[in-house]
Q: 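Sharing a structure, written as structure tokens. Questions coming.
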Amino acid sequence: MDKMQGLEEMFRAINQLSEGEAKAILKLLYGSLNTYAAGNGEYTSEQLIQDIKNVFIKIPDAAN
């Protein structure tokens with residue numbers, strides 16, 4: 001699968017999310033960003049990126 005096809009599939013999956021699922025995802029993302037910004041340095045940018053990536057990896061499953 002090329003990157004463009006993967007992007008289109010992700011957009012389709014995002015469009016299939018319910019409002020509640022979308023809000024839950026936004027809350028998870030904000031929580032991770034807030035933990036990084038307000039944290040004491042123990043939550044690294046690498047962890048933040050991995051956590052955000054993990055949220056997006058699960059979106060196609062949530063949309064089905």
Side-chain angles (χ1 to χ4, degrees):
M1 166 176 29
D2 65 26
K3 289 181 183 183
M4 198 60 171
Q5 182 181 6
L7 184 62
E8 290 172 6
E9 287 178 14
M10 179 60 72
F11 286 168
R12 275 193 294 276
I14 290 170
N15 286 332
Q16 293 175 4
L17 293 172
S18 70
E19 180 180 339
E21 291 167 331
K23 286 180 178 182
I25 289 169
L26 287 173
K27 289 175 185 177
L28 286 170
L29 293 173
Y30 181 78
S32 295
L33 289 168
N34 189 57
T35 300
Y36 176 73
N40 60 4
E42 290 183 22
Y43 187 64
T44 66
S45 59
E46 290 83 12
Q47 288 171 305
L48 172 64
I49 291 168
Q50 187 60 48
D51 288 347
I52 291 172
K53 181 179 174 184
N54 288 340
V55 169
F56 278 94
I57 287 171
K58 294 176 184 174
I59 288 176
D61 293 335
N64 293 322

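We number each residue from 1, following the sequence as shown.
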Q: Apply side chain to side chain contact (heavy atoms under 4.5 Å, CB included) to Leu28 and list each qualifying residue two or more places apart in sequence or on a separate chain.
A: Val55
Q: What's the spacing between Gln50 CD and Ile57 CD1 if we round to 0.5 Å?
A: 6.5 Å
Q: Under 3.5 Å, is there a donor on one side chain and an acceptor on the other for Asp51 and Tyr43?
A: yes
Q: So how far is it from Phe11 CZ to Glu8 CD, rounded to the nearest 0.5 Å?
A: 9.0 Å
Q: Check whether Phe56 and Leu33 end up in the same hydrophobic cluster, where Ile, Leu, Val, Met, Phe, Trp and Tyr are linked by side-chain heavy atoms less than 4.5 Å apart.
A: yes
Q: Do Ile49 and Met10 sit in the same hydrophobic cluster, where Ile, Leu, Val, Met, Phe, Trp and Tyr count as joined when their side-chain heavy atoms come under 4.5 Å apart?
A: no
Q: Can you measure from CD (Glu19) to NZ (Lys23) and round to the nearest 0.5 angstrom?
A: 4.0 Å
Q: Considering non-hydrogen atoms only, spot the tightest contact between Ala13 and Pro60 and give its length.
A: CB-CA, 3.8 Å
Q: Between CG of Leu17 and CD1 of Ile59, what distance do you get to the nearest 0.5 Å?
A: 6.0 Å
Q: List the residues meeting side chain to side chain contact (heavy atoms under 4.5 Å, CB included) with Thr44, not counting sequence neighbours, and say none if there are none.
A: Glu46, Gln47
Q: Drop me the distance from Leu48's CG to Leu29's CG, to the nearest 0.5 angstrom.
A: 9.0 Å
